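Contents: one structure, followed by commentary.
Chain letters run A, B, ... following the sequence lines, proteins first, then strands; residues in each count from 1. Because the structure is a prediction, the values reported are computed rather than measured.
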Amino acid sequence: MTDPSSPEHASGTVRVRFAPSPTGMFHVGGARSALHNWVFARQHGGTLVLRIEDTDASRNRPEWTEGIIRALAWLGIDEDEYEGPYFQSANADEQRKAVERLRADGRAYFCDCTRDDVIARTGDSYRGYDGHCRDRGLEAGPGRALRFRTPDEGVTTVVDLIRGKPTFENANIEDFVIARGDGSVLFMLANVVDDMIQGITHVIRAEEHLSNTPKQQLLWEALGAQPPIWAHVPVVVNEKRQKLSKRRDKVALEDYQAEGFLAEAMRNYLMLLGWAPSGDREIVPWSVIEEEFRLEDVNPSPAFFDVKKLRAFNGEYIRALPVEDFIERCEPWLREPYASWSPERYDPAVFARLAPLAQTRVAVLSEITAMVDFAFLDEPVIDEASWKKGMKEPAADILRGALEAFQDAEWTAEELKTRAEEIGARHGLKLGKAQAPIRVAVTGRTVGLPLFESLQIIGRDRTLARVRAALDRLSAE
RNA sequence: GGUCCCGUCGUCUAGUGGCCUAGGACGCCGCCCUCUCAAGGCGGUAACGCCGGUUCAAAUCCGGUCGGGACUACCA
């Protein structure tokens, strides 16, 4: 007897699938499932198949599918990493055949009950379909759905790599619908048939499907095939411990991408939801994950999607980048639609000098825009709160002092700093206080990159012009 | 309500009977460094849901209890 948990149990080669329904945005939970399947396939020298579950025509648009493919590629799952994409709708014939076979074998029967009918009969004790039409011998007809006849006795045991062997009493499994009144096939069956014809050996998916699993397994058996090994990964939840939802929570992978999360950080973080690599470390190269990840080790309890921790990871990944790479990766946020300056103002050489100063200060790439805008804008955008805070007495004196001292100073950060220190000293201020008015005048904000380096980079003329402008505003107030 | 799953710091986890006065990471707090803010360094805060049992010994095994979640469509 073969060990059913052995990866080679079915056909000898592992075949897993990622089967998203194209809903228009790629969910972080889906990304995690895709990653799990991918890693598993690679570890076993198996194949990952991508199948678009487009049974519901309203959820079927070509651009949705393209979005999925793009998202997968961003995560590192390129087109040569999987078979497909296949479309569930393309298997309609096979699915119909399976339905017909179940009906012919007496494993399914027609039913004309509406949901209201059933509830009227069972009242408050409603526990699924009551089997009313089981033996009525109804023929096919308009509005008559086809239900699968589940066994009255025995149990269905699901072999699950993460949860052991969840067992369900067959008597508790209702006779569920497999084909609609109009003859079209439902997900429950379509999904099974597709897995069957695509030779899927392991189904790795989110826990929300666990309740459906005994039904699907019954279908596999009724169709005369050996069910796959299952692995139900815990759901990802929000701070209220509910499954992440498109409506309530920020779940679109694209949004995170647009915010400047690095794919490496994202996929590393996603894999750490419910699992950890060996040793006291969490940020690890993907190769370590591919080496060490085991579905059997996945924590079966739900995991909170902690954006704060994701940001921390992202910051670490950003800091670990060689500067040249950092510069390159910032590029999208230095142009429209993110940049607030006109394109011809942008100077890559200037950015290259600013970049090392910024690299330790951004947690997500999108933060780079506001951090360097002062260098590419004709005039800095003055943040009013910063102005109030930075332009306190004796700001005007300090600015006047700077104007004079910077006039003929050697234009290096070190020298500018020394001059600023001297100005501050005249007012009994340490550099920390003294630099504030200058910073606000030149960058518009109270916090930012190291000031004197910034001044050195944008040059004497622009620095002095901004100090003068600030002085003008100050005297006008 | 029914079925199933789950339960270690606030969060993600390590832990598979003695190595646990429970380790790491994020967060938070403090100190150092410091031109702001970060980064970095150092230190701190904080958990085995509860009750019984098995055992010389339990976070680890068993039972119960409480709590949370998923599913419960002629959606996928």
Nearest to the side chain of [X] - [options]?
X	options	value
A:E453	B:C5, B:C35, B:G7	B:C35
A:P166	B:G27, B:G24, B:C4	B:C4
A:E282	B:C35, B:A25, B:C71	B:A25
A:N212	B:U13, B:C71, B:C74	B:C71
A:S21	B:G7, B:A76, B:C74	B:A76

Worksheet item: For B:C75, does OP1 or OP2 lie under 4.0 Å from any side-chain N or O of A:R180?
Response: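 For B:C75, OP1/OP2 do have a side-chain N/O of A:R180 under 4.0 Å.
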
Item to complete: Check whether any side-chain N or O of A:K308 sits under 4.0 Å from OP1 or OP2 of B:G27, and answer yes or no.
Response: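 Indeed not, no polar side-chain atom of A:K308 lies that close.
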
Fill in: Pair partner, B:U60 [Watson-Crick or wobble, under 3.5 Å]
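Result: none.
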
Worksheet entry | Atom CD of A:Q242: over 12 foreign heavy atoms under 6.0 Å |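 Yes, because the 6.0 Å sphere around CD of A:Q242 holds more than 12 heavy atoms from other groups.
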
Worksheet entry | Ring geometry between A:Y269 and A:F305 (parallel below 30°, tilted from 30 to 60°, perpendicular above 60°) |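 It falls in the perpendicular class, over 60°.
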
Item to complete: Classify the side chain of A:R361 and the base of B:U36 as holding, or not holding, a donor-acceptor pair under 3.5 Å.
Response: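 Donor-acceptor pair under 3.5 Å: yes.
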
With a non-hydrogen cut-off below 4.0 angstrom, is [X] in contact with a base, only sugar-phosphate, or nothing?
X	result
A:S301	sugar-phosphate
A:R445	nothing
A:A436	nothing
A:G274	sugar-phosphate
A:R311	nothing

